[in-house]
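Worksheet for the structure shown next.
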Amino acid sequence: MSEVETEKIRLATVWLSGCSGCHMSLLDMDEHLLELEKAVRLVFSPLADHKRFPDGVDVVLVEGAVANVEQLAMARTIRERSRVVVALGDCAVTGNVPSLRNRLDSDALLRAVYAGGECVPGLDPKGLVPKLLPSVLPLHRVVSVDVFLPGCPPDAQSIWAAVTALIRGEPLNLSEAMRRFG
Ligand code: SF4
């Protein structure tokens, strides 16, 4: 690993229960992605092919709510191994769309989605998908969160402003940061 690389901020992004729209908004930063690449090393992301969430992450952007046991374990791992945890988008901040299922019976929902279709009649979803939590939860209900970045999705400028402030170690003032980087 080069000397320059070791000085880079270790950035991770995670996709829990969300639609990937927040990651699409991240990519919408367009030419700012090239500037970002100079300052960070992407150590974990659904945009790459990492297999394990690493230790020593400086900043992690978490898209999506916490809906099942695998995501709950992942959220705890993220918190243990990261310095700054950012709830990216309304699903991570409030539960948003995934939490609509909180009014429904989880078992009935699983049966309807996985065993009700004509393609897979009688399929038993138990064992095929991770066990659902009784309720879909926003990220801060399961681990402590350092930064909340709302929006569905947050616009690219907001993400850019937040990420640049965080990697520079500056206080996060989104309106001021967006004015400067806009
Ligand atoms: Fe998708 Fe909106 Fe949730 Fe982001 S906040 S994952 S864009 S539904």
Side-chain angles (χ1 to χ4, degrees), residues 9 11-33 36-37 40 42-51 53 57-79 81-82 84-106 109-110 112-114 125 128-167 172-175 177-178 181-182:
I9 296 288
L11 176 71
T13 78
V14 174
W15 177 6
L16 299 181
S17 190
C19 73
S20 88
C22 291
H23 273 82
M24 294 303 104
S25 198
L26 178 68
L27 294 178
D28 277 346
M29 289 198 292
D30 297 331
E31 72 275 12
H32 288 316
L33 288 172
L36 192 62
E37 195 277 333
V40 307
L42 193 63
V43 293
F44 186 90
S45 176
L47 304 172
D49 189 30
H50 306 104
K51 306 299 185 206
F53 193 87
V57 171
D58 292 306
V59 178
V60 55
L61 308 176
V62 183
E63 170 189 319
V66 182
N68 63 44
V69 293
E70 281 187 7
Q71 292 168 353
L72 178 60
M74 184 62 171
R76 289 172 174 159
T77 298
I78 289 165
R79 180 66 275 180
R81 299 179 183 176
S82 308
V84 178
V85 174
V86 180
L88 177 69
D90 284 350
C91 292
V93 173
T94 70
N96 197 29
V97 176
S99 67
L100 292 175
R101 76 121 159 123
N102 289 351
R103 293 165 172 237
L104 306 173
D105 176 79
S106 296
L109 190 64
L110 276 177
V113 171
Y114 288 95
L128 294 178
V129 293
K131 188 175 187 314
L132 297 183
L133 298 178
S135 296
V136 176
L137 300 170
L139 189 61
H140 70 273
R141 290 281 305 278
V142 300
V143 295
S144 64
V145 170
D146 303 296
V147 176
F148 295 88
L149 197 53
C152 184
D155 61 71
Q157 285 293 59
S158 301
I159 300 172
W160 168 243
V163 168
T164 49
L166 289 169
I167 64 181
L172 191 56
N173 179 338
L174 274 184
S175 53
M178 286 175 70
F181 294 114

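Predicted model, so just to flag it, every value in this text is computed and none were measured. One-based numbering, in listed order, for ligands and for the atoms of each.
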Rounded to the nearest 0.5 angstrom, the CD-CE distance for Gln157 and Met29 is 9.5 Å
Is any N, O or S atom of Cys91 under 2.8 Å away from atom 3 (Fe) of ligand 1? yes
The protein heavy atom nearest to atom 2 (Fe) of ligand 1 is Cys152 SG, 2.4 Å
With heavy atoms and a 4.0 Å threshold, my read on which part of Asn96 contacts ligand 1 is side chain
Numbered in order shown, the ligand 1 atoms found under 4.0 Å of a heavy atom of Gly151 are 5 (S)
*asked:* Parallel, tilted or perpendicular: which one describes the rings of Phe148 and His140, with boundaries at 30° and 60°?
replied: perpendicular
The protein heavy atom nearest to atom 1 (Fe) of ligand 1 is Cys19 SG, 2.3 Å
Of all protein heavy atoms, the one nearest atom 5 (S) of ligand 1 is Asp90 N, 3.3 Å
- [ ] Answer yes or no: is there a side-chain heavy-atom contact under 4.5 Å between Leu139 and Val85?
- [x] yes
Taking every heavy atom of Pro98 against every heavy atom of Gly95, the minimum-distance pair comes out as CD-O, 3.0 Å
Point to revise | Check: Arg101 side chain, Ser106 main-chain N or O, donor-acceptor pair, under 3.5 Å | key: no
| message | I'd like to know if the side chain of Ser82 reaches the main chain of Arg79, judged simply by a donor and an acceptor atom lying under 3.5 Å from each other, with no hydrogens or angles considered. | response | no
Whether Cys22 has an N, O or S atom under 2.8 Å from atom 4 (Fe) of ligand 1: yes
**Q.** Side-chain donor-acceptor contact under 3.5 Å, Ser99 with Asn102
**A.** no
**Asked** Has Pro98 got any heavy atom lying under 4.0 angstrom from an atom of ligand 1?
**Response** no
Ligand 1 atoms nearer than 4.0 angstrom to some heavy atom of Glu63 are 6 (S)
